[in-house]
2 protein chains.
Amino acid sequence: MASTLPKAPSSPLLRDLTHSLPMALLRTREAVVQRFREVLSRHGLTEQQWRILRALDGREGLEVSLLAEQCQILPPSMSGILKRMEQRGLIVRKANRADGRSILVALTGEAQALVEQIKPEIVAVYAEIERILGRRKLEQLYILLEALEAGLKRNS
Amino acid sequence: MASTLPKAPSSPLLRDLTHSLPMALLRTREAVVQRFREVLSRHGLTEQQWRILRALDGREGLEVSLLAEQCQILPPSMSGILKRMEQRGLIVRKANRADGRSILVALTGEAQALVEQIKPEIVAVYAEIERILGRRKLEQLYILLEALEAGLKRNS
DNA sequence: GAGTTTTACTTAATATATTAACTATCTTAA
DNA sequence: TTAAGATAGTTAATATATTAAGTAAAACTC
């Protein structure tokens, strides 16, 4: 099949698509997230909804903006996701007496129970990942990811 | 602000959200992609459309399924993206004489010119990233990402 | 070689991402 | 204190992601 042969690079300066950094990060993330998605979909949750549950777990209430920042979800997306989670009875919104603009979000009892139910399954996935790559390399990966992120944000 | 204090972990087994692997990969990727997006949006392209242009560059024609695989875009998304790119005159679809089911996609002359115009800007972004993290660490990052991806796919 | 299964692609339905614009509140400076 | 500016959240418009279902062409089986 000729279409899968490596193409002749028309520019020697541009890295092959297969090895571009955004693609490498995307492919690896997809491979990782797929494992988590298998668990979460059994409980009717998306990856983003799980991030929100995780961020709210053990907290009294969190402003939408802080929640969005911690979950790496932009406010317009967060708005819709929270609406659906509220309708499903997973979160509640409370007024913030200290600031009339902001809104506090908190888990319902049902959501807390769901989180406790899912946690061990997620822990098992983490264990599998650590077993696959090895603890040492996994730690090294975290360090490099955070170094690159920090460097990019410093220079922006 | 009490809401930003580190929360008490309700389970010692689950990594803090800020340091979860999917989150780390997502945050780093977002930081990286933001640089590319600045370039691409000036040319009216999305990140996905650029991936497609890159994959088709220097090729006669590529089946939709192979294109989707290389770009890490699922076929249903690919279908819509190609429709918009075709309307904009960036790609053409040709019948595949060897297989009536598949469709070959290729760049138009306009798209090829656009790619050549954008390439140096993208190369500059890569150079900045390499400068920020250092060539050695960047190579190490690629190796770890690919090792994890390969390991996960092997065990699936 | 007709019937079944697989493959390539599209359509449909729902969820999320991205950018811009909008509303209400809060802050600040004159 | 009041008018300009900043902040928190939402809405709107468009693009993409995800899963399921649908369609047409190949490949396979008997």
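Just so you know, these numbers use all the heavy atoms, side chains as well, and skip hydrogens, waters and symmetry mates.
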Of all pairs that satisfy side-chain hydrogen bond (donor to acceptor under 3.5 Å, both in side chains), the ones with a partner from residues 75-87 of chain A, not counting sequence neighbours: A:Glu86-A:Arg93
Provide, to the nearest angstrom, the distance between the CG atom belonging to B:Leu62 and the C1' atom belonging to C:dC9. 14 Å
What residues form a side-chain hydrogen bond (donor to acceptor under 3.5 Å, both in side chains) with B:Glu38, not counting sequence neighbours? none
I need a per-nucleotide contact map over nucleotides 13-22 of chain D, read 5' to 3'. Cutoff is protein heavy atoms under 4.0 Å; write B for the base, S for backbone only, - otherwise. --SBBBBB--
Taking distance alone, no hydrogens or angles, what donor-acceptor pairs closer than 3.5 Å link side-chain atoms of residues 103-115 of chain B to residues at least two apart or in another chain?
residue  : atom : partner  : partner atom : Å
B:Thr108 : OG1  : B:Gly89  : O            : 2.7
B:Thr108 : OG1  : B:Leu90  : O            : 3.3
B:Thr108 : OG1  : B:Ala111 : N            : 3.1

Distance check, rounded to the nearest 0.5 Å: B:Trp50 atom CH2 versus B:Ile118 atom CD1? 5.0 Å
Does A:Gln34 have any side-chain hydrogen bond (donor to acceptor under 3.5 Å, both in side chains) partners at least two apart in sequence or in another chain, and if so, which? none
Acceptor/donor pairs from residues 127-134 of chain A side chains to any protein atom, 3.5 angstrom cut, sequence neighbours excluded:
residue  : atom : partner  : partner atom : Å
A:Glu128 : OE1  : A:Arg35  : NH1          : 3.1
A:Glu128 : OE2  : A:Arg35  : NH1          : 2.6
A:Glu130 : OE2  : A:Arg135 : NE           : 3.2
A:Glu130 : OE2  : A:Arg135 : NH2          : 3.2

Tell me which residues in residues 87-105 of chain B put a heavy atom below 4.0 Å from DNA chain C, sorted by number, or none. B:Arg93, B:Arg101, B:Ser102, B:Ile103
Under the rule for side-chain contact (heavy atoms from CB on, under 4.5 Å), what residues qualify as partners of A:Glu121, not counting sequence neighbours? A:Val39, A:Arg42, A:His43
Would you please name every residue forming a side-chain hydrogen bond (donor to acceptor under 3.5 Å, both in side chains) with A:Lys94, sequence neighbours left out? none
